[in-house]
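The structure presented is a predicted model; accordingly, all values stated were derived computationally and were not measured.
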Amino acid sequence: MSDAALVLDLDGYEGPIDLLLALAREQKVDLARISILALADQYLAFIAEQRRLHLEIAADYLVMAAWLAYLKSRLLLPDPPEDDTAPSAAELAEALAHRLRLLEAMQRAGASLMALPQLGRDVFARGAPEGLAMIDRPVFELSLYELLKAYGDSHRRQHGQTLTIPPSTYQAMSDALERLMQIVGQVPEWRELIAFLPEEMRGGAMRRSALAATFAATLELAKSGQLELRQDRVFGPIYLRSVTRPEAE
Amino acid sequence: MSERNEQLRLIEALLFAAPAPLTEDELALRLGEEADIASLLRELAGHYAERGVNLVALSGGWTFRTAADLAAALRSERTVPRRLSRAAVETLAVIAYHQPVTRAEIEAIRGVTLARGTLDRLLEAGWVQPKGRREVPGRPLNWTTTPHFLAHFGLASLKELPGIEELKATGLLDLGPAVFGDNLPPPADEAEPDEAEPDETAPDAADD
Amino acid sequence: MSERNEQLRLIEALLFAAPAPLTEDELALRLGEEADIASLLRELAGHYAERGVNLVALSGGWTFRTAADLAAALRSERTVPRRLSRAAVETLAVIAYHQPVTRAEIEAIRGVTLARGTLDRLLEAGWVQPKGRREVPGRPLNWTTTPHFLAHFGLASLKELPGIEELKATGLLDLGPAVFGDNLPPPADEAEPDEAEPDETAPDAADD
């Protein structure tokens, strides 16, 4: 055992894999040809020494020790033939070796990275760059509409204008109800509510008023059992039809 | 010579990385007493004399500076979109419709005095210009729009500006909310009321 | 030739004056389309190759830096930056060489869970960043290095990471089932354990 050379303190290691890697380096052989069996022995001996010295051992190191003990027994015994899906002992050993190589590669890579000339530590940028002056040239955005609108505002403010409020025209619900009553028995198929608006009110601003009034009227008629209403989705068109057969009370 | 070369390289790097000019004393501290700082600086300045970057002695010490003759080439322009204030837009509109027009006339038409910066902004935009003087007491400047103004708004001539009657027809002179006017584009900035411009004062003189 | 010399001077001045590296495109904007930027940069880099200041290509573009071999002479009076912990250096290496990489993968490669401060240090240095999520159960964050990482270490791209070609060739950048198979113990806890994060679980426990 050469672990006497190692610090007998787990604080120096970044976990069990790191400890294994440090022990592997003690073997002074290429990781490609490392003996996992020997490594397992070293690790177990190291942990045993820790125990003997009554040093605190983190659970992770003990989990690894248990796993290595298991691996060691597998390596020493022939693989059980009945289970083809479970990894063989050799595969487990290779997986561990690969993992050690991965970690070693990253430890080396980290050292190489840190050895690179670093900005502000080894190499320096210009201490007082003058900067590249950027002259802002304003481009004014204004549309003809905005210009005309502004003139309109100004003109109106100065010259004023008589505000005439036209008498508002709207359809009352009573009117709509009256209209619908005339046709209520004559709609056997589903038809869109829109189709029942007064002709002169199907466009422009009157449309909303007529639509609201007519819709309210259809609700009234539906309530009294003369119409059926249907809407397939939110904000979708509203359909109506006559109730053909009077419901038995 | 090789040692001198290393000294030159170190001075070059020190001056490059320094956040402020370095004095010869400061350089001597870094390079050691045996280095001939003055001679090194002379050689380095000579090397950079014809380059895009020069080694120059300022009051505080030595530093690199980009060559003075490249100053213009180092600047570059960038266009930034700007919007005009409502006062400026109205003033522009008044000039466009009433040109040639004096400042006093603009103020009378708009009913407010012109803030100091308003005409400046329009001048900066290249849309208005002073053109001659009105032969009245005080000989005020006449203001007109520029060819650039026509080009910006895609107008072939001033005649293409819609007249007052046409503006009325499109509803731009209408008062009050155009509830039923679905044929107009949405108002540009209703959110910002006119009173937001503090430097516009009520008309002080109703002369015209 | 004189025109080329003026172009060289201008590039030199631009790169000296710019507070950050300039790309060839940015230089082309300043010098005009007819300038052969690549050739000019090559000539300029050649001129500065042996000097105390070098012209270098970084990920963000071209810039001047003090020569790396002068590090010791330049560092003398500057404060030495805080050293990174071993865990941080290893974690940085794993992110740099394996990116994009999840926290669970970092932990699997290093064989320990990440202490809370480790990624924070790297984030604080501006060297690593989370970038998107892995489309696997839990949708863990992917970690990558930043452009600032490349600039700090003087790398033009990730391809210039030391030894990355060799690592690739020897399969040491493949994670594969060797790391994530459930035939090895899970990552151990680092000195300062993390609270479990619900979306970033360690690899499955060994079923031995």
Going from OH on B:Tyr48 to CZ on C:Phe16, what distance comes out if it is rounded to the nearest 0.5 angstrom? 5.0 Å

How many angstroms lie between OG1 in C:Thr66 and CG in B:Leu14, if you round to the nearest 0.5 Å? 9.0 Å

Would you say CD of C:Glu50 has more than 12 non-hydrogen atoms from neighbouring residues, nucleotides or ligands within 6.0 angstrom? no

Does the C:Arg51 side chain pair with the main chain of B:Glu12, one donor and one acceptor, at a distance under 3.5 Å? no

Looking only at heavy atoms, what is the nearest atom pair of B:Gly52 and C:Ala13, with distance? O-CB, 3.4 Å

Go through the atoms of C:Asn54 and report whether side chain, backbone, both or neither lie under 4.5 Å from a heavy atom of chain B. neither

So CD1 of C:Ile11 and CG of B:Leu70: to nearest 0.5 Å the spacing works out to 11.5 Å

CZ of C:Arg30 to CZ of B:Arg75, rounded to nearest 0.5 Å, is 11.0 Å

I'd like to know whether CD of B:Glu160 has more than 12 heavy-atom contacts from other residues, nucleotides or ligands below 6.0 angstrom. yes

Check the pair C:Leu74 / B:Leu10 against side chain to side chain contact (heavy atoms under 4.5 Å, CB included), numbers first and verdict last. CA-CA 8 Å; C:Leu74 291 176; B:Leu10 184 51; 4.0 Å; yes

